[in-house]
Structures are given as structure tokens and as C-alpha cells.
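Below, read A as the first sequence line, B as the second, and so on, with proteins coming before strands; counting in each chain starts at 1.
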There are 2 protein chains.
Amino acid sequence: MKTLTAKQQAVLAFVEDFFQQQGYPPTVREVAAHFGIQPRAAADHLSALKRKGYLHREPGRSRGLTLVGRGPEAVVEVPILGQIAAGQPLLATQQVEDTLPLPRSWVRGDEVFLLRVSGDSMAPLILPGDLVMVRVQPRVDRGDIAVVLIYDEATVKRVYEEAGGLVLKGDNPSFTPLRFSPAEAAELVQILGKVVGVYRAL
Amino acid sequence: MKTLTAKQQAVLAFVEDFFQQQGYPPTVREVAAHFGIQPRAAADHLSALKRKGYLHREPGRSRGLTLVGRGPEAVVEVPILGQIAAGQPLLATQQVEDTLPLPRSWVRGDEVFLLRVSGDSMAPLILPGDLVMVRVQPRVDRGDIAVVLIYDEATVKRVYEEAGGLVLKGDNPSFTPLRFSPAEAAELVQILGKVVGVYRAL
DNA sequence: CATAATACTATACAGAAGAATAGTTGTCAA
DNA sequence: TTGACAACTATTCTTCTGTATAGTATTATG
């Protein structure tokens with residue numbers, strides 16, 4: 001990115017602060033008033049910032065500024081699922097407990113949800129209370145960690161899909177692997193998605 | 001929260017979508033145009049949503065809407081530190097590699113930074129490549145995981161501050177604990193902050 | 001049953017806001 | 001030294017925008 005002059009940096013910082021505090025971008029005149037200059041001068045600064053790629057301007061629209069990298073594309077509202085019920089559409093409003101704004105760079109894929117883990121079968125990688133990010137997909141690679149719906153209960157396990165059937169394994173050695181014949185697996189087990197991230201508060 | 005009518009829900013959903021896509025809230029007229037109604041009718045809906053506590057309106061300001069719970073207070077830009085140099089102010093612009101928008105609910109305390117972990121001394125709880133969230137504080141409780149600056153290198157360790165000196169311990173048993181006399185500790189070791197969260201992409 | 005809230009139309013107004021015109025002054029690199 | 005860029009002033013124009021006035025019809029709800 002091109003270098004900014006001191007004044008341009010100050011203007012960018014003001015726009016960022018304004019957005020952080022107000023929830024919407026400032027008008028050209030608000031920028032001008034803050035620096036005690038005329039609207040035209042402020043517009044010049046904003047144009048320079050646009051030209052140098054630090055923000056985007058929607059011509060003609062009031063408050064039509066978006067901060068590059070901090071715009072709407074930077075954050076995604078990811079739903080946290082409460083209980084997961086079989087048969088229901090996964091992201092139904094009823095199942096969504098809350099949403100969390102996460103950086104898009106963490107959200108790979110477009111159908112993603114969060115799940116709070118309760119058991120310790122995946123210890124030490126995933127512990128009870130952890131929040132896992134799950135990308136919705138019907139199949140996973142051999143050995144991938146996935147959220148699996150067994151009959152009516154969602155669990156996090158490593159999945160080994162083989163000719164002889166399906167094996168669900170926890171990393172915790174005290175957890176006995178679950179084995180399903182192909183017929184059983186087709187009837188009882190449904191892979192909801194792959195675990196692509198873990199967040200743990202300490 | 002009070003219940004919304006179907007139309008009010010639709011308006012709220014539109015405002016949310018608009019904000020997500022554009023990066024700033026819609027004007028009253030943009031809401032009106034979307035639903036094919038007059039500005040006054042749209043303003044009525046927005047007033048109802050304000051009265052019921054779903055959004056905040058700044059009277060007289062264009063696009064003066066803020067979504068409650070999704071407003072500026074929901075997301076915090078947390079700096080990711082590249083290398084940490086001793087003596088320098090911790091959050092100096094030079095040391096900030098990038099920032100990441102994280103939900104405020106994850107950010108406890110106001111001076112917080114992120115650090116990418118390189119060693120495996122804290123395995124299996126913290127692995128190389130993990131992103132740890134650190135709350136800046138000069139002292140931590142006995143046994144807390146902290147980011148510690150030893151001479152000029154930042155590491156993540158459990159800290160045991162005792163009368164006999166300071167012990168820095170990794171969870172990984174193959175890592176030999178570091179012991180410092182009180183004099184050595186005062187000279188060489190600086191606690192930067194407590195690790196309050198871990199994010200791992202899988 | 002009456003009253004409040006909902007959900008609108010139609011028109012109008014004043015101030016807000018982006019942008020345009022027409023300059024000035026200073027800096028800095030080719 | 002010359003031209004591009006930066007950083008402004010001052011004024012004007014038109015459109016945008018929130019809000020107000022004055023209604024109407026429908027739907028809840030106590």
C-alpha cells in the first residue's frame with residue numbers, strides 16, 4: 001500500500017475512531033469540522049485515501065465510506081447453535097442461540113456455525129467449554145474432526161469412513177471408539193460438518 | 001425484549017442485511033424504497049424498532065441507526081503483534097503487524113493483543129501456530145499462563161512467582177523449567193500479560 | 001366497545017450533504 | 001524548473017434526508 005502523509009493518516013484515524021464509536025462512517029462535513037477545515041479539503045483527503053486504497057467511497061451517498069479491511073467484508077455474524085435436532089434444517093432460527101461477529105479470515109466456506117463442546121472425548125485438543133467452528137459439509141476426509149449427529153445427539157469426533165463401516169474415534173484414550181456397519185451408519189449417523197477452528201477462553 | 005410484528009421483523013432484517021453488505025446503515029428512504037412504501041411509513045417502523053429496543057436512532061443524522069448488540073460496541077479491533085522488542089511500548093505501531101476484529105465478549109480488559117505461538121512448550125493446550133489472546137498486566141496469579149519476555153524474546157509459559165525466585169514452566173514435559181533468582185528475574189524477565197484465550201485453526 | 005397501536009398515503013419543508021467551480025500556497029521529485 | 005501532488009479557502013448548486021402535518025384503514029387488546 002502506498003504511504004500516507006501525516007494529515008492523511010490523521011484523517012484515516014479519525015474515520016476509524018468515528019466508525020468504532022458511532023457505528024457508521026462520518027460525513028465529509030463531519031471530517032471537515034473535526035479538523036477545522038472546509039468540506040472540500042476534507043473531501044480531497046478522503047479522495048486521496050481512496051486513491052491510495054485505504055477506503056472505498058460510494059459516490060453521492062451520504063456517509064458512503066467503507067474502511068478497507070474493516071468494512072462489512074471483514075466481519076461475519078456466525079450463528080451459535082444451541083441444541084441440534086435431527087431432521088430440522090441446521091441453521092433454522094429456532095436452533096440459533098446467538099450470533100458472534102468473527103473475522104472473515106477465520107470463516108472458510110459460507111455455511112459455518114459454532115458449537116459449544118460439552119464432553120471431553122476429544123481431549124486434549126478440544127476441551128469441554130470450547131467453542132468449535134464447523135463448516136457444513138456432508139463428508140469429511142479420513143481422520144478429520146467432525147461434528148456428527150448420532151441419532152439425535154451431536155458429538156465431536158474423528159471420522160474414519162471405510163468399506164467395512166464407519167468409525168468415530170475420540171482423541172481421549174479413555175473413550176471407546178464407536179463402530180457402525182454401513183447400514184447402521186446410513187440410518188443413525190449424519191456428518192454435519194468439519195471442525196475448522198477451536199476457541200478456548202482461559 | 002418486546003415482540004415484533006412481521007413487518008417490523010422484515011424491516012430489522014433489511015437493516016441488518018444492508019449494514020452487513022454496505023458497511024453503513026440505510027437511510028429512511030432506502031428502507032422505504034426497499035418495501036415500496038413512503039418515507040414516513042418506514043420512519044414509523046424504525047421508530048417502533050427503537051421503542052422496542054432493537055436499534056438506536058440519532059435524531060436528525062443521516063443513516064443515524066445503530067443495531068443494538070451489533071453496533072460498534074460488539075466488535076473490537078485487536079492488534080496482532082509481530083516481534084516483541086524489550087523496552088519499546090508494547091502496542092507501538094511498529095510492532096503491530098495487523099489487527100483482527102473480534103467480539104467484545106472475548107476481549108476481557110481494555111489492553112489486549114494477539115500473538116502467534118511458535119514453540120510447543122505449552123503443548124498440548126497451546127500448539128505452534130495458535131493465536132493467543134493476551135491481556136496486558138504486569139503480574140499474574142501462581143500457575144497462570146502468561147506471555148513472558150526473557151531478555152528480548154517473548155514466550156508463553158506458566159508462571160510461578162515464589163519467595164525463592166521465579167519459575168517458568170511449560171506444560172510439555174519435554175521442556176525443562178526455567179528458574180530465575182529474584183535478582184535475575186528482576187533484571188531479565190518481564191511479564192507482559194496473561195493468556196486469556198486461544199484460537200486454533202484446524 | 002373503545003382505545004391504542006399498526007401500517008400506511010400524500011405532500012411539504014428545512015437543513016444536511018456530496019460535489020462542483022475557481023482559485024491559492026507550498027513541497028517535492030524528475 | 002516545472003509539473004504533479006498536497007492542503008487548503010470560499011462559494012454555490014442540487015440532491016438527499018429526516019421530519020412534520022394531516023389524514024385513512026386495519027388490527028389488536030384491555
**Q** What contact category does B:Pro59 fall into here, base, sugar-phosphate, or nothing, at under 4.0 angstrom with non-hydrogen atoms?
**A** sugar-phosphate

**Q** What integer distance in Å separates A:Leu4:CG from D:dC5:C1'?
**A** 14 Å

**Q** The side chain of B:Ser62 lies closest to which of these nucleotides: C:dA7, C:dA19, D:dG18?
**A** D:dG18

**Q** Figure out the CZ/C1' separation between A:Arg51 and D:dA4, and round it to whole Å.
**A** 10 Å

**Q** Using a distance-only criterion (donor-acceptor N/O pair, under 3.5 Å, no hydrogens), is the base of D:dT12 paired with the side chain of A:Arg40?
**A** no

**Q** Does C:dA7 have OP1 or OP2 sitting under 4.0 Å from an N or O in the side chain of B:Thr5?
**A** yes

**Q** B:Phe35 has an atom CZ; how far is it from atom C1' of C:dT6, in whole Å?
**A** 15 Å

**Q** Nearest to the side chain of A:Gln38, heavy atoms from C-beta on, is which of C:dT9, D:dA10, D:dT19?
**A** D:dA10

**Q** Go through C:dC8, C:dG18, D:dA7 for me and flag the one nearest to the B:His45 side chain.
**A** C:dC8

**Q** For the residue pair B:Lys169 and B:Phe175, would you count it as a cation-pi contact if the rule is NZ or CZ under 6.0 angstrom from the ring centre and within 45 degrees of the ring axis?
**A** no

**Q** If you check the A:Ala41 side chain, which of C:dA17, C:dT9, D:dT9 turns out closest?
**A** D:dT9

**Q** On the side chain of A:Arg61, is there an atom forming a donor-acceptor pair with the base of D:dT17 - under 3.5 Å, no angle test?
**A** no

**Q** Starting at the 5' end of DNA chain C and moving along, which residue's nearest nucleotide shows up first, A:Gly64 or B:Asp44?
**A** B:Asp44

**Q** So, do B:Lys194 and B:Val136 sit near enough that their side-chain heavy atoms are less than 4.5 Å apart?
**A** no

**Q** Which of parallel (below 30°), tilted (30 to 60°) and perpendicular (above 60°) describes A:Tyr199 and B:Trp106?
**A** parallel

**Q** Nearest whole Å is fine: how far is C:dG18 C1' from A:Lys50 NZ?
**A** 13 Å

**Q** What contact category does A:Arg63 fall into here, base, sugar-phosphate, or nothing, at under 4.0 angstrom with non-hydrogen atoms?
**A** sugar-phosphate

**Q** Taking atom P of C:dA17 as reference, at what distance in whole Å does atom CZ of A:Arg57 sit?
**A** 14 Å

**Q** Between B:Lys7 and C:dA5, is there a contact of a side-chain N or O with OP1 or OP2 at under 4.0 Å?
**A** no

**Q** Nearest to the side chain of B:Ile37, which nucleotide is it out of C:dG18, C:dC8, C:dT11?
**A** C:dC8

**Q** If we only count heavy atoms from C-beta on, is the B:Met122 to B:Val117 side-chain gap below 4.5 Å?
**A** no

**Q** What's the CD-C1' distance between A:Glu58 and C:dA19, to the nearest Å?
**A** 15 Å

**Q** Can you confirm whether A:Gln22 sits close enough to B:Arg61 that some side-chain heavy atom of one is under 4.5 Å from a side-chain heavy atom of the other?
**A** yes

**Q** Check every atom of D:dT19, C:dA7, D:dA6 against the side chain of A:Gln8 and return the nucleotide holding the closest atom.
**A** D:dA6

**Q** Side chain of B:Arg29, base of D:dG18: donor and acceptor closer than 3.5 Å?
**A** yes

